[in-house]
Amino acid sequence: MNTPANTSKPVPQPEVELRAPENESTLATLAMPLGETVLTLTASGLPIYGILHRSRAMTGQSDFFRLQFRGFARTEGNQWLHYANDDARFHTSYNCAWVRVDHPSRSVTFGPKNGVNCTEAFTGLGLDTFLFAQTISWVKGAYPDYAISPGLIGITGNASEEEKLRRNAFYASQGFQFDWQDAAQRTSLYFKDKVSRLLGVWDKEHIQEVGGEAMLQSLALQDETRAALEEKVNRLESSYSSIKSALQRERNTSQILMGVLILGVMLALWALI
């Protein structure tokens, strides 16, 4: 007996509607501190010291990672010049970078949305590249197979060709590609197909992160150096005291001899009289 063919059509499955990504501002308020380290920058050969703060928020839909920097002080000779006002504070739009991971769409978004910008005191020192590269390195280690949501970059006002090249190089150096939105290349979408294909590089010669152990080693070395200098000063002071005493004894001897000589001359003159 032949079995009749099944001519029924498959029941179409309803499309699963993806939830909109969670707002980064909301995630930022949920972020818990991961710790702070010292970050050193170099400006004209002189060191700048600041605090680097890491935080992270995790929900059922998102993973949010952010870095923030605030200046502490710069050195000029033996003086420490402390930063103040905006340069000495953690900001949500300046001296910071973040990445938001959206699990339903398996995609990541980099921010802030207007790009990584620094306050004037830290512009041109490579801090923006460092912060951006750190978020890339973190997400590469956690979600290498996720896609990247394109980001919009633009220049307003009368930007020079040098400024446009610098902006493009900032993203290109991390492995991003561009989709220009206008002939003058003033606005563009930066993108890449996979997180794993980004680079995450920065100027390691002029920007260094110092952890707790390195700080302790530095303090221990400073204490050892200070103790050696104090010992050297004590030896020099002791040597100076010995030389001073010897000079004083020699001076006293010279005075006695001079007195004897004068007395002898006076006696000789008296005998002649």
Side-chain angles (χ1 to χ4, degrees), residues 15-31 54-69 91-118 123 126-203:
E15 293 185 4
V16 178
E17 184 176 350
L18 294 177
R19 290 176 291 173
E22 292 182 302
N23 184 274
E24 61 272 6
S25 298
T26 302
L27 293 170
T29 61
L30 300 174
R54 287 178 169 86
S55 58
R56 184 180 184 182
M58 299 178 69
T59 67
Q61 179 177 348
S62 307
D63 197 347
F64 178 82
F65 177 74
R66 181 174 66 176
L67 295 103
Q68 296 168 286
F69 173 86
H91 294 271
T92 58
S93 56
Y94 290 95
N95 303 333
C96 75
W98 53 259
V99 58
R100 180 190 62 208
V101 179
D102 184 62
H103 295 305
S105 63
R106 293 178 60 84
S107 65
V108 305
T109 302
F110 292 97
K113 291 181 178 179
N114 61 342
V116 182
N117 295 301
C118 299
T123 298
L127 176 63
D128 51 354
T129 302
F130 171 83
L131 295 172
F132 195 35
Q134 287 292 303
T135 60
I136 291 173
S137 297
W138 178 84
V139 78
K140 279 183 67 176
Y143 307 99
D145 295 328
Y146 276 30
I148 301 169
S149 298
L152 180 66
I153 54 176
I155 288 183
T156 58
N158 297 321
S160 65
E161 190 66 24
E162 182 181 353
E163 289 175 303
K164 288 192 289 185
L165 291 174
R166 186 164 54 245
R167 175 204 61 182
N168 299 345
F170 177 81
Y171 292 94
S173 65
Q174 302 298 344
F176 285 99
Q177 297 168 267
F178 300 92
D179 182 11
W180 306 110
Q181 305 298 296
D182 61 290
Q185 298 186 358
R186 299 186 65 81
T187 58
S188 170
L189 292 175
Y190 66 93
F191 66 93
K192 200 71 176 180
D193 56 347
K194 271 190 177 183
V195 167
S196 60
R197 299 185 64 187
L198 296 178
L199 300 179
V201 294
W202 72 94
D203 184 356

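These figures come from a predicted structure and were not determined experimentally. Along the sequence shown, the residues carry numbers beginning at 1.
- Residue pairs meeting the salt bridge (Lys or Arg N to Asp or Glu O under 4.0 Å) criterion with at least one member in residues 130-153, sequence neighbours excluded, do not occur.
- By the salt bridge (Lys or Arg N to Asp or Glu O under 4.0 Å) test, Arg106 is found to be paired with no residue, residues two or more places apart in sequence or in another chain being considered.
- In this view, Tyr146 and His103 satisfy the side-chain hydrogen bond (donor to acceptor under 3.5 Å, both in side chains) rule, not counting sequence neighbours.
- With sequence neighbours excluded, the residues that form a side-chain contact (heavy atoms from CB on, under 4.5 Å) with Thr123 are Cys118.
- By the side-chain contact (heavy atoms from CB on, under 4.5 Å) test, Gln61 is found to be paired with Arg19, Glu22, Thr59, Asp102, Pro104, residues two or more places apart in sequence or in another chain being considered.
- Residue Thr135 holds its OG1 atom at 10.5 Å from CZ of Arg54, rounded to the nearest 0.5 Å.
- Proximity of Trp138 to Val101: side-chain heavy atoms (C-beta onward) are separated by under 4.5 Å at one or more points.
- The side-chain heavy atoms of His91 and Cys96, taken from C-beta on, include no pair separated by under 4.5 Å.
- Nearest heavy-atom pair across Leu27 and Ala57 is O-CB, 3.3 Å.
- Proximity of a side-chain donor or acceptor of Gln177 to a complementary backbone N or O of Gly175 within less than 3.5 Å is not detected.
- Distance check: Lys113 NZ to Glu24 CD gives 4.0 Å after rounding to the nearest 0.5 Å.
- Asn95 and Leu127 make their closest contact through OD1-CD2, 4.1 Å (heavy atoms, listed as atom of the first residue, atom of the second, distance).
- Not counting sequence neighbours, the partners of Leu199 by the side-chain contact (heavy atoms from CB on, under 4.5 Å) test are Gln174, Val201.
- Atom CZ of residue Phe64 and atom OG of residue Ser25 lie 8.0 Å apart, to the nearest 0.5 angstrom.
- Listed by chain and number, the residues in a side-chain hydrogen bond (donor to acceptor under 3.5 Å, both in side chains) with Ser107 are Ser105 (sequence neighbours excluded).
- Among residues two or more places apart in sequence or in another chain, the ring-ring contact (aromatic ring centres under 6.0 Å, His included) test is passed with Phe132 by Phe110, Phe170, Tyr171, Phe176.
- Looking only at side-chain heavy atoms (C-beta outward), Pro21 and Ser62 stay at 4.5 Å or farther from each other.
- Here Tyr143 pairs with Asp63 under the side-chain hydrogen bond (donor to acceptor under 3.5 Å, both in side chains) rule; sequence neighbours left out.
- Atoms CG and CZ, from Asp203 and Phe130 in turn, are 11.5 Å apart once rounded to the nearest 0.5 Å.
- Annotation for Pro112 and Ala97: closest pair CD-CA, 4.1 Å, computed over non-hydrogen atoms.
- Across Phe65 and Gln134, no two heavy atoms sit closer than the pair CE2-O, 4.3 Å.
- Annotation: the span from Arg167 atom CZ to Ile153 atom CD1 amounts to 4.5 Å, rounded to 0.5 Å.
- Not counting sequence neighbours, the partners of Phe178 by the ring-ring contact (aromatic ring centres under 6.0 Å, His included) test are Trp180.
- Rounding to the nearest 0.5 Å gives a distance of 6.5 Å between OG of Ser188 and CG of Asp179.
- The side-chain hydrogen bond (donor to acceptor under 3.5 Å, both in side chains) search around Thr29 returns none, not counting sequence neighbours.
- Contact check on Glu162 versus Arg166 returns a salt bridge, with a Lys/Arg side-chain nitrogen under 4.0 Å from an Asp/Glu carboxylate oxygen.
- For the pair Ile148/Val195, a side-chain contact is recorded, criterion being any heavy-atom separation below 4.5 Å from C-beta on.
- Applying the side-chain contact (heavy atoms from CB on, under 4.5 Å) test to Asp182 and every residue at least two apart in sequence or in another chain returns Ala184, Arg186, Thr187.
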